[in-house]
Amino acid sequence: MSSTIVTNMAVCDKTVKVTATAREDGDIDILIESNCSAVQHFAETLTKVTMDDIMNFETSTINKEEVRGNMSMICLAPIAVYQAAWMEAGMLSRNIYRKLGPITMDIHGSE
C-alpha cells in the first residue's frame, strides 16, 4: 500500500503531491508530482529514501543541497516527503491524517 500527502503552498499557489511506497528491501520509493518548476529537480533526484533518511534530519538525503536544487528554503515539498514516508513506515497515523490532513501553515494576525 502507498501513502500520499498533498500540500498546497498558498504563498506561491503551487501544489506538491508525494507518494511513498515501501519496498521489500526496507527502503521507500518516492514519487513527487508538482506544478512548480523549482521542485522538478528535487522530484527527479529524490526517488528513494532509507529509514535513516527519514529518521536523521541532519544527514538525510532529503535535505542535501544537491538534491533540493534551487527550491526555496520555505518550500514544503521536503516536509511532504517526510510525512508520506513516515506514514508509509507506520510512524504517522493514517487515521489522524484522514481527520486532520497534512501539516499546514496558516498566517494569523493583523495586516
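Everything numeric here is computed off the predicted structure, so don't read it as measured data.
Judged as a side chain to side chain donor-acceptor pair (under 3.5 Å), and not counting sequence neighbours, the contacts of T45 are H41. Taking the side chain to side chain donor-acceptor pair (under 3.5 Å) definition, one finds that N56 meets it with T59, sequence neighbours left out.
Across P78 and M71, no two heavy atoms sit closer than the pair CG-CE, 3.7 Å. Residues S3 and A84 share a closest heavy-atom pair of CB-O, 3.6 Å.
No side-chain heavy atom of S93 sits less than 4.5 Å from a side-chain heavy atom of M87. Looking at heavy atoms from C-beta onward, I62 lies out of side-chain contact with F57 at the 4.5 angstrom threshold. Using a 4.5 Å heavy-atom threshold, the side chains of S60 and I54 count as separate. Taking the side chain as every heavy atom from C-beta outward, D13 and M9 never approach each other to under 4.5 Å. Annotation: side chain of T61 is not in contact with side chain of V49 (no heavy-atom distance under 4.5 Å). Inter-residue side-chain proximity for V18 and T4 is flagged as unmet; no heavy-atom pair is nearer than 4.5 Å.
Counting only residues at least two apart or on different chains, the side chain to side chain donor-acceptor pair (under 3.5 Å) pairs with a member in residues 62-77 are N63-Y82. Among residues at least two apart or in separate chains, there is no salt bridge (charged side-chain N to carboxylate O under 4.0 Å, His left out) pair with a member in residues 49-62. Under the salt bridge (charged side-chain N to carboxylate O under 4.0 Å, His left out) criterion, the residue pairs touching residues 78-97 are E88-R94, with sequence neighbours excluded.
In the model, S2 has no side-chain atom that pairs as donor or acceptor with a side-chain atom of T19 under 3.5 Å.
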#### Entry: Worked check of side chain to side chain contact (heavy atoms under 4.5 Å, CB included) between V81 and L46
CA-CA 9 Å; V81 171; L46 189 70; 3.9 Å; yes

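Other residues, nucleotides and ligands contribute only 12 or fewer heavy atoms inside 6.0 Å of the CE atom of M55. Other residues, nucleotides and ligands contribute at most 12 non-hydrogen atoms within 6.0 Å of the NZ atom of K17.
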Please report, to 0.1 Å, the donor-acceptor pairs under 3.5 Å made by any side chain of residues 26-37, with sequence neighbours excluded.
residue	atom	partner	partner atom	Å
D29	OD1	R23	NH1	3.1
S34	OG	T15	O	2.7
S34	OG	C36	N	3.1
N35	OD1	T15	N	2.8

